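Just below is one structure, and these are the notes that go with it.
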Amino acid sequence: MIVNVIRGSIFHPNQSLEEYVFRFVPKLKEKSVLVVTSKIVALAQGRVEKSGRGKKVRLIKRESDAWVKTKWCYLTLNEGHWCPNAGIDESNADGSLILWPEDSFGAAEALRKALKKHYGLKQVGVVITDSRTLPLRSGVTGVTLGYAGIKGLRDYRGKTDIFGRTLKMTQTNVADGLAAAAVFVMGEGNERTPLCVVEGAPVVFTERVQERELRIDPRDDMYKPVFARAMR
């Protein structure tokens with residue numbers, strides 16, 4: 001698998017995402033996966049708010065399905081993800097507040113269709129990423145908010161391991177694995193690399209994704225006792 005980071009220019013609110021991609025990605029191979037940071041998807045949608053006294057907290061509560069205040073931030077449940085501050089970001093935002101994109105799966109599919117038409121491709125994937133923290137671990141890794149053109153989950157249940165034991169629970173999160181690899185090379189600072197092209201990834205391409213295949217109901221999640229205070 002080859003992960004190629006793409007350096008671009010500063011992306012501005014309400015700028016065309018498709019035109020930006022076409023400008024900085026002159027060629028795209030068949031069966032590639034284009035990875036796009038959620039920040040420029042949100043900017044393209046105009047999901048930007050001016051900062052102001054108490055504004056961020058109001059937005060966090062508005063955007064979240066559940067939240068609990070912690071020492072460092074608001075830990076929130078948003079679109080099936082536990083994340084800090086509903087994903088609202090102030091880094092590389094020029095003093096504004098950038099929200100998560102609306103309908104990340106829909107945005108990924110719209111971009112995939114544009115890529116197929118522009119580059120003349122039959123099979124191509126799109127992954128929209130953000131950064132996340134993991135419990136008891138320092139640093140952030142990539143996570144997928146939405147994707148199109150690929151299956152996000154590889155299911156090993158019913159298959160056997162190397163000793164013939166039948167696997168009962170094992171599944172591989174393909175989409176987040178791609179996001180983690182891409183976010184690692186795209187960086188988190190002033191790199192100006194909001195795009196990444198992944199080639200040769202062992203993924204299954206598809207015309208239709210199951211948007212909820214990676215989600216677990218919070219009531220059934222094994223971390224429920226940890227997050228119980230936030231459930232409301």
Side-chain angles (χ1 to χ4, degrees), residues 1-6 25 28-38 75 77-84 87 104-105 108-109 111-112 115-116 121-188 193 195-228 231:
M1 186 173 82
I2 301 173
V3 184
N4 299 304
V5 68
I6 307 296
V25 186
L28 197 61
K29 294 180 180 179
E30 192 74 42
K31 294 188 175 181
S32 296
V33 178
L34 178 70
V35 182
V36 185
T37 179
S38 62
L75 180 62
L77 181 61
N78 189 11
E79 297 185 21
H81 298 265
W82 285 110
C83 61
S104 292
F105 280 92
E109 176 60 18
L111 181 56
R112 185 183 78 96
L115 297 178
K116 289 178 67 176
L121 302 174
K122 293 182 178 180
Q123 292 182 312
V124 64
V126 173
V127 172
I128 297 175
T129 69
D130 197 11
S131 301
R132 68 172 174 188
T133 57
L134 297 173
L136 306 179
R137 304 295 286 184
S138 294
V140 297
T141 61
V143 65
T144 301
L145 299 189
Y147 53 92
I150 61 170
K151 290 187 177 181
L153 196 67
R154 181 186 297 160
D155 195 347
Y156 286 92
R157 293 174 299 178
K159 299 179 181 179
T160 57
D161 65 13
I162 59 175
F163 297 106
R165 179 180 177 273
T166 300
L167 299 170
K168 298 179 180 180
M169 302 290 291
T170 305
Q171 299 177 88
T172 299
N173 186 328
V174 175
D176 284 346
L178 290 174
V183 168
F184 174 67
V185 298
M186 288 194 291
E188 297 288 338
T193 50
L195 303 172
C196 186
V197 176
V198 181
E199 298 174 352
V203 301
V204 176
F205 290 88
T206 181
E207 286 297 305
R208 182 175 296 180
V209 303
Q210 299 179 38
E211 293 188 12
R212 302 186 69 87
E213 64 183 338
L214 299 182
R215 287 200 185 190
I216 296 175
D217 191 305
R219 294 168 296 184
D220 297 327
D221 191 79
M222 67 179 178
Y223 294 107
K224 179 183 176 182
V226 179
F227 296 122
M231 304 306 297

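Any value given below was found using the heavy atoms of this structure, including those in side chains, with hydrogens, waters and symmetry copies removed. For clarity, every value in this text was computed on a predicted model and none was experimentally measured. By convention here, the first residue in the shown sequence is residue 1.
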Write down the atom of V35, the atom of M186, and the distance for their closest heavy-atom approach.
CG1-CE, 4.0 Å
Flag if over 12 foreign heavy atoms under 6.0 Å of CZ, F205:
yes
Rounded at 0.5 Å granularity, tell me how far CG in N4 sits from OG1 in T193.
12.5 Å
Which heavy atom of T133 sits nearest a heavy atom of P84, and at what distance?
OG1-CG, 4.3 Å
All salt bridge (Lys or Arg N to Asp or Glu O under 4.0 Å) counterparts of E109, not counting sequence neighbours:
R112
Check: V203 and K31 side chains under 4.5 Å, non-hydrogen atoms:
no
Which atom of V127 lies closest to which atom of A175, heavy atoms considered
CG1-O, 4.4 Å
How far does SG of C83 sit from CG of L77, to the nearest 0.5 angstrom?
8.0 Å
Of all heavy-atom pairs between I128 and S104, which one has the smallest distance, and what is that distance?
CD1-O, 3.4 Å
State, to 0.1 Å, how close E213 and Y147 come at their nearest heavy-atom pair, and which atoms those are.
OE2-OH, 2.6 Å
Value for CG (L121) from OG (S32), rounded to nearest 0.5 Å, stands at 7.0 Å
Close side-chain approach of L34 to V124, heavy-atom, < 4.5 Å
no
Euclidean distance, D130 CG relative to T37 OG1, rounded to 0.5 Å:
6.5 Å
Is there a side-chain contact between L178 and T144 (heavy atoms, below 4.5 Å)?
no
In Å, rounded to the nearest 0.5 Å, how long is the span from CG of L134 to OG1 of T141?
4.5 Å
Partner set under salt bridge (Lys or Arg N to Asp or Glu O under 4.0 Å) for D220, not counting sequence neighbours
none
Mark yes or no for whether Q123, through its side chain, and E30, through its backbone, hold a donor-acceptor pair below 3.5 Å.
no
Please check if the number of heavy atoms outside R212 that lie under 6.0 Å from its CZ is greater than 12.
no
Distance-only criterion, 3.5 Å: show the donor-acceptor pairs between side-chain atoms of residues 161-172 and protein atoms not counting sequence neighbours.
unit_1 : atom_1 : unit_2 : atom_2 : d
D161   : OD1    : F163   : N      : 2.9
D161   : OD1    : G164   : N      : 3.0
D161   : OD1    : R165   : N      : 2.8

Locate the shortest heavy-atom distance separating I150 from G125; write the atom from each residue and the value.
CG2-CA, 4.1 Å
If I take atom CD from residue E199 and atom CE from residue M1, how far apart are they, to the nearest 0.5 angstrom?
11.0 Å
Looking at L145, is its backbone amide N or carbonyl O close enough to the side chain of E79 to form a donor-acceptor pair, meaning the two atoms are under 3.5 Å apart?
no
